[in-house]
Amino acid sequence: MGVTVCRLDGPVGFVSIGRFVSGPGWRHARRVIDTYELIVVRRGVLPIRVADRPMRIAAGQVALLPPGVEHAGTDIITDDLDFYWMHCRLPAARIIGDDDAAPQDDHCLLLPDLRDAADADRLIVLCGQLVDVYARFGPRPNAYCDYLATTLLLEVSAQERLRGRFADHRTITGYGEDGRLIAAADDGIDAAGEGLAPMLAIRAWITANACDGITVAQVARRFRYSPSHLTAMYRRVFGIGVSAQIAECRIDRARELLGSTSTPVGEIAREVGYDDPKYFMRVFKRRTGLTPGQYRDAFPGRLYNTV
């Protein structure tokens with residue numbers, strides 16, 4: 001395993017981005033390209049060979065394929081596959097080993113060749129935004145895409161730095177004056193007992209189950225807290241209450257469905273956990289500033305390649 005390092009003196013050179021969706025029976029073509037390719041898998045497993053190294057890039061993982069090196073599918077996929085890909089050019093990039101000392105300067109990108117993303121949802125949201133911008137302003141080179149692509153790579157880099165410094169803590173709260181990442185554990189939050197670790201587990205469970213109609217009381221009962229005590233601890237760690245966290249996860253999923261499907265709003269409301277479509281529309285507008293219809297109309301262009 002290795003990490004690609006490059007210092008940013010400006011934005012990276014964005015080339016293109018898209019989302020690939022396929023059912024069983026597809027196999028990645030053999031090719032050599034002259035750009036880096038970032039891959040973020042949303043669903044399924046991408047079996048691929050980079051030079052002589054076989055890789056299986058699974059859901060929730062991020063990978064960086066180098067330029068000038070042959071890559072090809074190793075197997076025909078047997079399940080559904082869904083991933084984002086982005087081509088870009090990096091300035092004066094070099095590769096270091098996983099055990100080598102990484103530059104601490106946050107102007108240096110740290111891009112792993114294959115890694116479990118600390119927060120795959122953040123990467124997926126940024127990929128979706130870049131797809132929208134590229135559909136609207138591409139394919140000609142433009143600063144908007146360059147800087148948004150740089151933002152995506154900075155997020156990958158921030159998660160990689162966090163992995164290296166806090167293997168068990170995955171909450172980034174910002175950067176210190178020295179340019180180093182601040183994680184929740186640095187911010188005076190106890191990582192034991194009623195601190196960060198159990199709250200991370202609860203947040204992960206909420207993220208996975210928010211669209212199933214869960215309530216604060218159900219979350220509290222599952223993790224053996226009173227609802228009021230759980231909400232107080234959760235807000236102390238994340239700055240948001242449990243009820244608001246559930247709503248945020250539901251609206252995030254609704255935004256994804258509105259931007260990538262033609263499913264009617266009423267059906268989306270039920271799919272993300274709201275029995276009353278009118279209430280869903282009120283919550284959506286309160287959190288996004290737009291109605292579901294306005295949100296869908298704002299992002300009409302999506303680039304997909306499928307088989």
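Model, not experiment: these values are computed from the prediction. For this chain, numbers begin at 1 and follow the sequence in order.
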- About how many Å separate CG of Leu123 and CD1 of Ile39, when rounded to the nearest 0.5 Å? 13.5 Å
- For Arg49 and Ala51, indicate whether the former's side chain and the latter's backbone hold a donor-acceptor pair under 3.5 Å. yes
- Message: Quick check against the 3.5 Å criterion: does Asp113 have a side-chain atom that pairs as donor or acceptor with the backbone of Gly2?
- Response: yes
- Is there side-chain contact between Arg255 and Phe284, with heavy atoms separated by less than 4.5 Å? yes
- Message: Rounded to the nearest 0.5 Å, what separates atom CG in Leu110 from atom CG in Leu64?
- Response: 12.0 Å
- List the atom of Val41, the atom of Leu81, and the distance in Å for their closest heavy-atom pair. CG1-CD1, 4.4 Å
- Message: Is the ring pair Tyr134/Phe14 parallel, tilted or perpendicular, if the boundaries are 30 and 60 degrees?
- Response: perpendicular
- Query: Considering all heavy atoms of both residues, which atom of Ser226 and which atom of Ala220 are nearest to each other, and what is their separation?
  - Reply: C-CB, 3.9 Å
- Note on the structure: One should read off an interatomic distance between Asp75 CG and His28 NE2, to the nearest 0.5 angstrom, of 13.5 Å
- Query: Does CG in Asp52 sit with more than 12 non-hydrogen atoms of other residues, nucleotides or ligands closer than 6.0 Å?
  - Reply: no
- Message: I need the minimum non-hydrogen distance between Leu153 and Cys88, along with the two atoms involved.
- Response: CD1-SG, 4.1 Å
- Taking the side chain from Asn142 and the backbone from Arg140, do they hold a donor-acceptor pair closer than 3.5 Å? yes
- Mark yes when over 12 heavy atoms from residues, nucleotides or ligands other than Arg287 sit less than 6.0 Å from its CZ; otherwise mark no. yes
- Task: Keeping the roles fixed (side chain from Arg89, backbone from Asp34), state whether a donor-acceptor pair exists under 3.5 Å.
- Result: yes
- Message: By the side-chain hydrogen bond (donor to acceptor under 3.5 Å, both in side chains) test, which pairs, at least two apart or in different chains, include something from residues 274-285?
- Response: none
- Message: Could you tell me if the side chain of Arg296 sits less than 4.5 Å from the side chain of Leu257, heavy atoms only?
- Response: no
- Message: Taking the side chain as everything from C-beta on, heavy atoms only, tell me whether Val216 gets closer than 4.5 Å to Tyr234.
- Response: no
- Task: Look at the side chain of Gln218 and the backbone N and O of Thr215, then say whether any donor-acceptor pair between them is shorter than 3.5 Å.
- Result: yes
- Query: Once you round to the nearest 0.5 Å, how far does CD1 of Ile124 lie from CZ of Arg19?
  - Reply: 8.5 Å
- Task: Please answer whether the main-chain N or O of Leu111 pairs with a side-chain N or O of Ser157 as donor and acceptor at a distance below 3.5 Å.
- Result: no
- Go through the steps for Val156 and Arg122 under the test side chain to side chain contact (heavy atoms under 4.5 Å, CB included), then give the verdict. CA-CA 9 Å; Val156 174; Arg122 289 176 64 89; over 6 Å; no
- Item | Exercise: identify the closest heavy-atom pair between Arg7 and Cys108 | CB-SG, 3.9 Å
- Would you confirm whether Asp105, through its side chain, and His107, through its main-chain N or O, come within 3.5 Å as a donor-acceptor pair? yes
- Message: Tell me whether Tyr147 at atom OH has more than 12 heavy atoms from other residues, nucleotides or ligands lying less than 6.0 Å away.
- Response: no
- Query: What heavy-atom pair brings Leu114 and Met55 nearest, and what distance separates the two atoms?
  - Reply: CB-CE, 3.7 Å
- Is the side chain of Arg30 donor-acceptor paired with the backbone N or O of Glu70 at a distance under 3.5 Å, no angle test? no
- Item | Single-linkage hydrophobic cluster Val40~Val125, side-chain heavy atoms < 4.5 angstrom | no
- Less than 4.5 Å apart, any side-chain heavy atom of Ile206 and any of Val219? yes
- State, with a plain yes or no, whether a side-chain heavy atom of Gln159 is found less than 4.5 Å away from one of Arg115. no
- Message: Whether the side chain of Arg161 engages the backbone of Leu109 through a donor-acceptor N/O pair (distance < 3.5 Å, no angle test) should be reported.
- Response: no
- Query: Relative to the ring of Trp205, is the ring of Phe223 parallel (under 30°), tilted (30 to 60°) or perpendicular (over 60°)?
  - Reply: perpendicular
- Message: Could you walk me through whether Glu37 and Thr35 satisfy the side chain to side chain contact (heavy atoms under 4.5 Å, CB included) test, starting with their C-alpha distance in whole Å, then the side-chain angles of each, then the deciding distance to 0.1 Å, before giving a yes or no?
- Response: CA-CA 6 Å; Glu37 181 174 0; Thr35 62; 5.6 Å; no
- Beyond-backbone contact of Pro141 with Asp146, side-chain heavy atoms, under 4.5 angstrom: no
- Message: A side-chain contact here means heavy atoms from C-beta on lying under 4.5 Å apart; do Tyr225 and Met233 qualify?
- Response: yes
- Task: Evaluate side chain to side chain contact (heavy atoms under 4.5 Å, CB included) for Tyr84 paired with Val62, printing each intermediate quantity in order.
- Result: CA-CA 10 Å; Tyr84 284 106; Val62 58; over 6 Å; no
- Note on the structure: To the nearest 0.5 Å, atom CG of Leu65 lies from atom CH2 of Trp85 at 12.5 Å
- Query: Just how far is it from atom CZ of Arg53 to atom CD1 of Ile48, taken to the nearest 0.5 Å?
  - Reply: 11.5 Å
- Cut-off 3.5 Å, side chains only: do His71 and Arg31 have a donor facing an acceptor? yes
- Message: Quick check: closest heavy atoms across Gln61 and Asp116, and the distance to 0.1 Å?
- Response: NE2-OD1, 2.8 Å
- Task: Decide yes or no for Asp252 and Val272: does some side-chain heavy atom of the first lie under 4.5 Å from some side-chain heavy atom of the second?
- Result: no
- Item | Derivation of the side chain to side chain contact (heavy atoms under 4.5 Å, CB included) call for Leu154 and Leu8 | CA-CA 10 Å; Leu154 282 167; Leu8 295 175; 3.9 Å; yes
